[in-house]
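Quick notes on the structure that follows.
Excluded from the calculations below are hydrogen atoms, water molecules and symmetry mates; all remaining heavy atoms, backbone and side chain alike, are included. Numbering of ligands and ligand atoms starts at 1, following listing order.
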Amino acid sequence: MRHLIDISDLTVEEIDSLLDLGEEMLRHPADFRASQQGRILATLFFEPSTRTRLSFESAMLSMGGSVLGFPSPDSSSTAKGESLQDTIRTVSCYCDIIAMRHPKEGAPVAAALKSEVPIINAGDGGHNHPTQTLTDLMTIRLEHGGFSGLTVGMCGDLKFGRTVHSLVTAMSRYPGVRFVFISPPELRLPAYLLDFLRDRGIPFSEVERMEDVLPSLDILYMTRVQRERFFNEADYVRLKDTYVLTPDKLALGRSELRVMHPLPRVNEISPRVDDDPRAVYFKQVRNGRYVRMALITRMLAE
Ligand code: NCD
């Protein structure tokens with residue numbers, strides 16, 4: 001049985017084919033309206049979520065399937081002290097596939113060991129978030145027509161931002177991509193990912209000032225400073241507003257630039273940027289539903 005724990009669990013060909021199916025579903029949703037009738041998705045969220053959980057549920061409901069689950073651990077037997085593995089073993093008796101989010105890195109791997117059904121990692125701590133990456137890749141492909149030759153700027157909390165980790169891993173598998181990492185020294189991309197890029201000869205640079213690199217970017221991927229992963233509040237307060245994208249700063253970007261964000265945003269993108277045609281973060285939200293329809297379809301077909 002295959003699970004989706006890390007984006008590298010999928011080959012590049014599988015990712016491309018998932019994006020093809022996601023785009024087909026976006027264009028012709030009615031063709032898939034009954035395609036998962038009788039199937040059940042469980043969404044087990046041990047950490048807060050708006051888009052990821054609801055897009056998974058919307059995806060399953062849009063294909064005629066059903067959903068069950070819990071939006072927070074307080075409403076499950078976790079609050080009584082039940083272990084993750086017992087919860088998974090139980091829920092996997094009630095459904096055909098599970099999407100789970102957990103604050104502990106590696107929790108989906110532990111879950112997969114006890115599950116009777118495929119597990120999808122919907123975010124594990126500051127580690128990975130492969131389905132946000134599918135959403136991001138679909139958006140980039142729709143906006144730029146492909147990945148080759150793109151200069152991708154990633155800005156903000158690159159240390160704890162799990163969506164960044166998964167997106168770097170995925171995009172580094174496409175030829176001709178270069179990265180520009182924009183962060184304060186305390187929030188640099190983890191060393192294991194920098195080593196991964198160096199080992200593969202993938203070009204990247206690390207800078208502190210967004211303004212210096214904005215004119216060279218095709219993508220600016222903004223992120224929230226991940227308050228819940230900080231050891232002390234004072235560090236969070238000091239770093240939280242390091243980057244705020246305003247219309248003035250965005251004026252430095254080219255017309256091909258696309259501004260992305262996995263959301264939720266706090267202060268890092270001014271709402272005054274939202275009407276700029278280069279701002280595509282709400283298109284990411286829309287695409288997330290269709291690419292998750294594609295993922296559920298493929299995983300249930302195996
Ligand atoms: C992200 C996450 O949960 O990692 N949100 C999402 O799933 N779209 C980003 C974040 O919380 O900052």
message = If we ignore hydrogens and angles and just use 3.5 Å, is the side chain of His144 paired with the main-chain N or O of Asp218 as donor and acceptor?
response = yes
request  = Please identify which atoms of ligand 1 are closer than 4.0 Å to at least one heavy atom of Arg224.
outcome  = 10 (C), 11 (O), 12 (O)
request  = Answer yes or no: are there more than 12 heavy-atom neighbours, outside Arg298 itself, under 6.0 Å from its atom CZ?
outcome  = yes
query = Is His3 reaching over with its side chain to a backbone N or O of Ile5, donor-acceptor style, under 3.5 angstrom?
reply = no
query = Do Pro262 and ligand 1 have an N or O pair less than 3.5 Å apart?
reply = yes
request  = Is it possible for you to check whether Arg292 lies under 6.0 Å from the centre of the six-membered ring of Phe56, through NZ or CZ, and within 45° of that ring's axis?
outcome  = yes
Heavy atom of Gly123, distance to ligand 1 below 4.0 Å = no
ask   = Which class fits the ring pair Tyr236 and Phe230: parallel under 30°, tilted 30 to 60°, perpendicular over 60°?
value = perpendicular
message = So if I count the atoms of ligand 1 from 1 in the order they appear, which ones are less than 4.0 Å from some heavy atom of His129?
response = 2 (C), 4 (O), 6 (C), 7 (O)
ask   = Which residue from His165, Gln226, Glu268, Arg162 reaches closest to atom 3 (O) of ligand 1 through any of its heavy atoms?
value = Arg162
message = Starting from atom 6 (C) of ligand 1, what is the nearest protein heavy atom, named by residue and atom, and what distance separates them?
response = Leu263 O, 3.4 Å
query = Phe46 vs His102 aromatic rings, parallel, tilted or perpendicular, using cut-offs 30° and 60°?
reply = tilted
Ligand 1 N/O within reach of Gln132 N/O, cut-off under 3.5 Å = yes
task = Show which atoms of ligand 1 fall inside a sub-4.0 Å distance from at least one heavy-atom site of Thr52.
result = 6 (C), 7 (O)
request  = Answer with yes or no after comparing the ring centroid distance for Phe147 and Tyr174 against a 6.0 Å cut-off, counting only values under it.
outcome  = yes
inquiry  = Would Thr163 count as being in polar contact with ligand 1, using the rule that some N or O on each side must be under 3.5 angstrom apart?
reply    = no
